[in-house]
Amino acid sequence: MKVAVIGCGGMGTIHADRYASMPGITLTGVCDIDVQAAEKLAEKTGATHFSSMEDLIREARPDVVSIAVPTYMHVPLIKQAAEEKVHIICEKPIALSPAEAAEAIDFCESRGVRLFVGQVVRFFPQYQQLAEQIQHAGSSSAGIYHASRAGSHPGLVRDWYHDRQKSGGVIVDLMIHDIDYVLGAFGEIEEVFAFHRVQGGIDYASATFRCTNGTIAQLEGFWGYPGPFTTTFEFAGKDGIIRYDSNDAQSVRVRRTADLEQDGGFVETPQSELVHDPYYRELFHFLECIRSGMEPAVTAADALNALKWACAAEESAQSGLPVRLEKEAAKS
Amino acid sequence: MKRLKLGMISFAHSHAFDYLDALLKMKDVEVAGIADEDPTRTRELAESHSVVYYGDYRELLATNIDAIVICSENARHAEITVASAKAGKHVLCEKPLGLSAEEMEGMIAACREAGVQLMTAFPCRFLTPVIRAKEALERGEIGDIIAFKGTNRGSFPDPAWFSDPALAGGGAVLDHTVHVMDLMNWFSGSKVSEVYAYAETLFDPEGTRTIDDAGMVHVTFQNGIFGVLDPSWSRNPSFPTWGDVTLDVIGTKGVISIDAFNQKNSVYARGAGKGSWSFWGDDMNVLMIRAFVNALLEGREVPITGEDGMKSALVALEAYRSAEEGKPVRVFV
């Protein structure tokens with residue numbers, strides 16, 4: 001299978017790197033309007049570089065493209081790729097508004113191409129294990145869930161993150177990981193109550209989601225956290241407690257005396273101590289789904305649902321009132 | 001040396017045992033009497049320390065003691081506090097201070113009129129990590145506060161009255177909101193203006209519990225700070241300790257993260273069947289009792305007043321109203 005990567009920033013580099021090491025996969029091209037970035041990634045992965053998606057699709061003929069560009073450009077590029085009958089793996093969030101996301105999904109369906117969205121937290125083994133344990137608890141799985149996701153402000157490296165019209169801000173871009181996870185692990189959400197503040201170099205949000213199964217999920221998303229990239233969760237139910245803290249789960253630490261060189265930093269991602277990291281697992285899974293025609297562990301409709309609740313959280317933060325979405329509206 | 005003569009009324013709340021331990025070690029304190037309606041839990045204990053036992057607290061109040069420590073069921077705090085004030089005794093009352101605004105206003109007024117002091121037992125203010133955090137805030141290390149996230153997760157309490165709304169006044173949301181709420185009040189220097197909360201029963205393996213054991217309490221302060229706290233009795237017997245007090249303070253220039261009982265050794269005893277955490281930090285109960293005793297001996301104002309106790313308890317009580325109405329409620333208007 002031939003794949004190509006659109007966008008040679010932080011996430012695009014991860015996609016290209018994982019594809020390059022995947023058996024049976026040929027990374028045919030990488031593309032960025034920043035020619036230097038495209039050249040650099042091409043050199044690293046052995047792929048051909050392009051400066052327009054049109055040229056890339058025409059010349060490299062990929063079966064699948066990864067779209068890893070700033071969020072506000074997702075939908076136009078999804079449509080462009082779908083028009084060319086190329087399957088799409090798009091980084092999260094799928095779009096900046098549910099209407100736009102629904103439009104992209106419909107467009108891909110109408111052109112007969114598959115669309116996958118990189119809600120990668122579903123592929124982190126610590127979260128997968130928790131979801132399995134929650135599923136195992138079945139009807140008694142209502143409880144209190146806490147999760148946080150905190151790191152430096154990505155706007156320090158890529159300015160577009162500062163523009164909420166382009167990135168969506170910390171809820172739509174970052175907390176959406178945990179919103180999607182809650183939907184996957186606990187099922188439908190019926191209400192959200194949220195706080196969101198952007199001040200100086202800080203973009204902080206705290207949102208509580210109430211699930212139909214009775215679970216109360218309290219989520220924090222934080223850009224501008226002055227510490228290492230940190231993710232934590234705790235689920236407490238009547239049969240037990242399961243907790244995780246990324247700072248307590250490091251199995252290898254390398255500390256160099258002279259390690260001051262910033263290695264082209266981007267959005268911080270956790271160090272992996274796995275043979276195949278969650279990004280590899282995610283991309284491999286999506287490609288498997290394209291090969292076999294099976295449904296993915298997380299669908300584009302799931303990504304749309306997460307976006308709806310992210311936008312509902314934003315609405316709650318604006319109004320100071322809890323926001324409930326109609327079940328039909330949340331599913332359509 | 002000046003000595004404080006002190007009595008204790010009711011051991012319904014098990015914190016009384018910790019407070020007694022602390023008091024007995026203080027050379028400038030004489031524990032002159034223990035009044036408890038249930039002799040099985042205190043009579044022998046009192047006698048073993050040569051402390052006079054009373055079945056009726058009014059007999060203890062008739063003696064020449066200076067101050068009273070009240071650890072009764074929540075529903076009796078008001079009655080005993082008012083009686084103590086009328087007898088001219090200073091009061092340290094277990095939290096939550098009372099079960100309604102009128103009740104707590106009455107307690108505060110009775111003490112003021114009698115010229116005695118009323119302190120609310122919020123030992124978390126005396127946790128050294130909490131004090132260090134407060135100092136860092138005052139030095140301006142994280143700029144202005146934007147938001148709080150706190151937890152005071154615990155185990156379901158043993159005494160049966162905790163499950164009885166008539167005696168407890170509420171479950172986890174009342175019992176465990178007040179501690180961290182007090183810290184948020186203290187740190188913010190502001191007052192809560194709005195509460196939105198959930199109160200649920202989620203942690204009973206038998207499925208027979210009716211009192212709330214789970215919740216999430218959201219507050220907005222008058223100065224715009226947001227806070228959320230989890231007061232759930234969500235720890236089960238296999239958890240390595242009873243519970244926690246954590247508070248993250250998100251500021252414009254940094255973050256302070258408190259995990260107040262994280263000074264611990266991990267213990268894996270063959271006989272215990274589970275690992276446990278053994279705390280080795282400073283004893284907050286000793287420090288709180290010390291502060292109460294010192295204030296009275298030195299004639300200063302107690303560090304945590306009845307008003308402080310009421311400020312936190314009212315948020316918890318309003319949390320139930322919000323949960324019932326399914327919408328945010330305004331407080332202190």
Side-chain angles (χ1 to χ4, degrees), chain A residues 139-148 150 190-211 213-227 230 232 234-243 245 247-248 316-317 319-322 324, chain B residues 141-151 153 156 172 193-194 196-207 209 213-220 224-240 244 246 248 250-257 259 322 326-328:
Chain A
S139 59
S140 65
S141 66
I144 303 269
Y145 180 67
H146 290 276
S148 73
E190 55 188 32
E191 182 183 298
V192 58
F193 185 73
F195 169 84
H196 186 184
R197 176 78 63 83
V198 180
Q199 192 169 345
I202 281 173
D203 191 343
Y204 174 82
S206 176
T208 303
F209 294 84
R210 218 177 130 104
C211 300
N213 87 340
T215 294
I216 297 167
Q218 216 295 310
L219 310 182
E220 272 180 299
F222 195 169
W223 280 342
Y225 175 63
T230 298
T232 66
E234 183 193 284
F235 173 71
K238 68 181 170 194
D239 292 325
I241 296 166
I242 302 169
R243 50 182 9 198
D245 183 331
N247 292 317
D248 295 338
S316 168
S319 68
L321 296 169
R324 301 171 184 103
Chain B
E141 294 206 17
I142 63 159
D144 298 323
I145 300 172
I146 292 173
F148 295 112
K149 163 134 187 181
T151 62
R153 294 171 286 210
F156 196 85
S193 61
E194 203 168 274
Y196 185 61
Y198 301 121
E200 304 288 338
T201 306
L202 295 177
F203 297 111
D204 180 15
E206 318 293 327
R209 193 175 290 164
D213 59 13
M216 199 64 71
V217 180
H218 311 83
V219 293
T220 307
I225 296 174
F226 172 83
V228 58
L229 93 95
D230 176 357
S232 305
W233 287 329
S234 52
R235 306 301 88 173
N236 64 57
S238 73
F239 198 73
D244 68 11
T246 73
D248 286 349
I250 291 89
T252 51
K253 290 177 183 162
V255 177
I256 297 174
S257 297
D259 184 354
S322 163
K327 61 183 189 199

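In the text below, chain A, chain B and the rest are named by the order of the sequence lines, each starting its count at 1.
Here the closest non-hydrogen pair linking A:P322 and B:P328 is CD-CD, 3.6 Å.
Here the CD atom belonging to A:Q218 is positioned 10.0 Å from the CG atom belonging to B:L229, to the nearest 0.5 angstrom. A:K238 NZ to B:L202 CG: the interatomic distance, rounded to the nearest 0.5 Å, is 9.0 Å. Between A:T215 atom OG1 and B:E200 atom CD the span is 10.0 Å, to the nearest 0.5 Å. With values rounded to the nearest 0.5 angstrom, B:D230 atom CG is found 5.0 Å from A:I144 atom CD1. The distance from atom CZ of A:F195 to atom OG1 of B:T220, rounded to the nearest 0.5 Å, is 8.0 Å. From B:I250, atom CD1 reaches atom CD of A:Q199 across 12.5 Å, with rounding to the nearest 0.5 Å.
In terms of the ring pair (Phe, Tyr, Trp, His ring centres under 6.0 Å) criterion, B:F203 has no residue partners (sequence neighbours excluded). Residues satisfying the ring pair (Phe, Tyr, Trp, His ring centres under 6.0 Å) criterion with A:F222, sequence neighbours excluded, are A:Y204, A:Y225.
Proximity of B:R235 to A:I241: side-chain heavy atoms (C-beta onward) are separated by under 4.5 Å at one or more points.
Of the residues considered (B:S238, B:A214, B:G254, B:S234), B:S234 shows the highest number of contacts with chain A, using heavy-atom pairs under 4.5 Å. Chain A forms more heavy-atom pairs under 4.5 Å with one residue of B:K149, B:K327, B:M216 than with any other, namely B:K149.
In this structure, A:R210 is positioned above the aromatic face of B:Y198, its NZ or CZ under 6.0 Å from the six-membered ring centre and within 45° of the axis.
Residue B:V255 touches chain A through both its backbone and its side chain, counting heavy-atom pairs closer than 4.5 Å. Both the backbone and the side chain of B:N236 come within contact range of chain A, judged by heavy atoms closer than 4.5 Å.
Between A:F193 and B:H218, the ring planes lie perpendicular to each other; the angle is over 60°, past the 30° to 60° tilted range.
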Report the C-alpha distance between B:R153 and A:H146 in whole Å, list the side-chain angles of each, state the deciding distance to 0.1 Å, and finish with yes or no for side-chain contact (heavy atoms from CB on, under 4.5 Å).
CA-CA 12 Å; B:R153 294 171 286 210; A:H146 290 276; 3.5 Å; yes
